[in-house]
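What follows is a set of notes on a single structure, which appears directly below.
Numbered from 1 within each chain, the chains take letters A, B, ... in sequence-line order.
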Amino acid sequence: MSARMPLRETLEVLRAERRSGDVVITSMGSAREWMAIGPLDPLDFVFVPSSMGEAVPLGLGMALAQPTRRVIACSGDGSLLMNLGSLVTIASEAPENLVVLIFANGVYEVTGAQPIPGRDVDFATMARASGIGSVFRFSDIAAWTVGARTALGERGPLCIVLDVAPVPDAVGPRSPGPTLARAAAFAAALQQR
Amino acid sequence: MTEPSAADMGRAIADLFAAMGITHVISVPDSTIGPWHAALDAHPSLRLVRVCREGEAWAVAGGLHLGGARPLVLIQCTGLFESGDSLRNIVHDWKLPIFSVIGYRSYLNQSTLPGDTCLVFTEPVLSAWQIDWKLVTDTADYGEIRTHYERCRAAGIAGGIVVAEGRA
């Protein structure tokens, strides 16, 4: 992997390009940075606590239940490796409203940046080989800033790989509140907006 | 009394799930559940979501539930063993009342897998995960699936029906 973008800046681009009514699911490092950038939207689902690798299938379920709403599911590369088959499931179900964002930093960041198995795993090729037709990869923040709207606007299922730099000395995200109340508020927001 | 054919059982199960108000069935097949898939897939009120591993199923079901759908997880007990952390997160961390139907491998017949350890671990694992589960050993009693589902739904808790299976 030649170039890597700052994780927070890639998420700031996503915030800028998010449409009203979009669901954004974050987990692990993306959840930590998403909460640090600014206040949460009622349609943010901060998947903390999570089960590693389950943000993408959670997003698939939401996309199937809410077919007129764009659902953006953020996953780290280490997390996705725990559930690579989910790419095949997504291709099989083919929800046009699902976007999978893979933040590829090459490490298990929140446990001390140990390297994930494999070197330079090509997640974009994996997504294509799984049957996902629309796949993009960005390694440069200027290109992501310019290209995000076009990429996110493609018909899904859509996979975007973002090559990001590990955040030094990063820790896991802190839960923003009781899960039962957050789940209820989120479900209510989905029905209202 | 003869057992219904797998196709007839599949249609009966699909009709039962639809009558329960289920919208999506998330499943990995086994030799008992698998023959039901065609009927589940064909039913106009249901969507069968075939996942690659059972751990996916709980998260897909969680997303469906949050999105306002009524999912049901249909897997074998071996898949229950595989999917523990995802179940823990969805059912216990997030307290989402996901209902499941779980095949109990070798319960009725151990001819192909004598000493199948599914018989050792299935019930303790279900209890360890604090699932409110009921065992159904006769297809004539499959109506209990709906009864238990409605009981769990009214209570807002996760629940499961364990269906006894024959040879693996």
Side-chain angles (χ1 to χ4, degrees), chain A residues 23 25 27 43-69 71 73 75 79-80 82-95 97-98 130-131 175 177-192, chain B residues 21-29 37 40-41 45-75 79-100 129 155-158:
Chain A
V23 166
I25 302 167
S27 63
L43 292 177
D44 284 335
F45 192 82
V46 177
F47 194 24
V48 179
S50 67
S51 174
M52 202 168 169
E54 302 295 353
V56 170
L58 187 86
L60 171 61
M62 287 185 195
L64 293 176
Q66 296 271 323
T68 61
R69 186 187 294 283
V71 175
S75 175
S79 289
L80 187 68
M82 289 238 176
N83 222 344
L84 272 178
S86 62
L87 294 176
V88 176
T89 306
I90 287 167
S92 176
E93 293 301 316
N97 58 327
L98 179 61
S130 299
S175 170
T179 52
L180 190 60
R182 284 197 287 137
F186 177 78
L190 277 179
Q191 302 307 322
Q192 289 169 5
Chain B
I22 298 299
T23 57
H24 297 74
V25 179
I26 308 99
S27 185
V28 176
H37 273 201
L40 293 166
D41 209 19
S45 300
L46 300 172
R47 178 161 179 171
L48 176 65
V49 181
R50 297 180 178 88
V51 290
C52 296
R53 56 175 276 261
E54 292 84 352
E56 271 187 274
W58 299 94
V60 172
L64 282 160
H65 176 85
L66 287 165
R70 287 172 67 168
L72 181 148
V73 171
L74 177 64
I75 58 177
L80 171 74
F81 305 152
E82 189 279 328
S83 60
D85 191 57
S86 183
L87 182 162
R88 176 199 59 76
N89 176 247
I90 293 295
V91 170
H92 295 293
D93 283 349
W94 287 92
K95 301 173 178 58
L96 303 183
I98 304 302
F99 196 80
S100 53
W129 287 121
I157 60 172

Asp93(B) and Thr179(A) side chains, donor-acceptor separation under 3.5 Å: no
Steps toward ring pair (Phe, Tyr, Trp, His ring centres under 6.0 Å) verdict (Trp94(B), Phe45(A)): CA-CA 12 Å; Trp94(B) 287 92; Phe45(A) 192 82; 4.7 Å; yes
Engaged part of Ile26(B) at the chain A interface, taking heavy atoms whose separation is under 4.5 Å: neither
Heavy-atom pair count under 4.5 Å with chain B, highest-scoring of Leu64(A), Val56(A), Leu60(A): Leu64(A)
Distance in Å, Ile90(A) CD1 paired with Glu56(B) CD, rounded so as to fall on 0.5 Å steps: 8.0 Å
Interface moiety of Ser86(A) toward chain B, non-hydrogen atoms closer than 4.5 Å: both
Heavy-atom pair with the smallest gap, counting every atom of Gly62(B) and Leu58(A): C-CD1, 4.0 Å
Separation between CD of Glu54(A) and CG of Asn89(B), rounded to the nearest 0.5 Å: 7.5 Å
Among the listed options Leu87(B), Ile90(B), Val51(B), Leu96(B), the residue most often paired with chain A at heavy-atom distances under 4.5 Å: Val51(B)
Part of His24(B) lying under 4.5 Å from any heavy atom of chain A: side chain
Pair Glu93(A) + Arg47(B), salt bridge at N-O below 4.0 Å: yes
Which portion of Arg50(B) sits near chain A, non-hydrogen atoms under 4.5 angstrom: backbone
Selection from Gly63(B), Ala57(B), Ala61(B) maximising heavy-atom pairs under 4.5 Å formed with chain A: Gly63(B)
Cys52(B) side, atom SG; Leu84(A) side, atom CG - distance, nearest 0.5 Å: 10.0 Å
Top contributor to chain B interface from Gly59(A), Pro178(A), Pro57(A), Gly85(A) [non-hydrogen pairs under 4.5 Å]: Pro57(A)
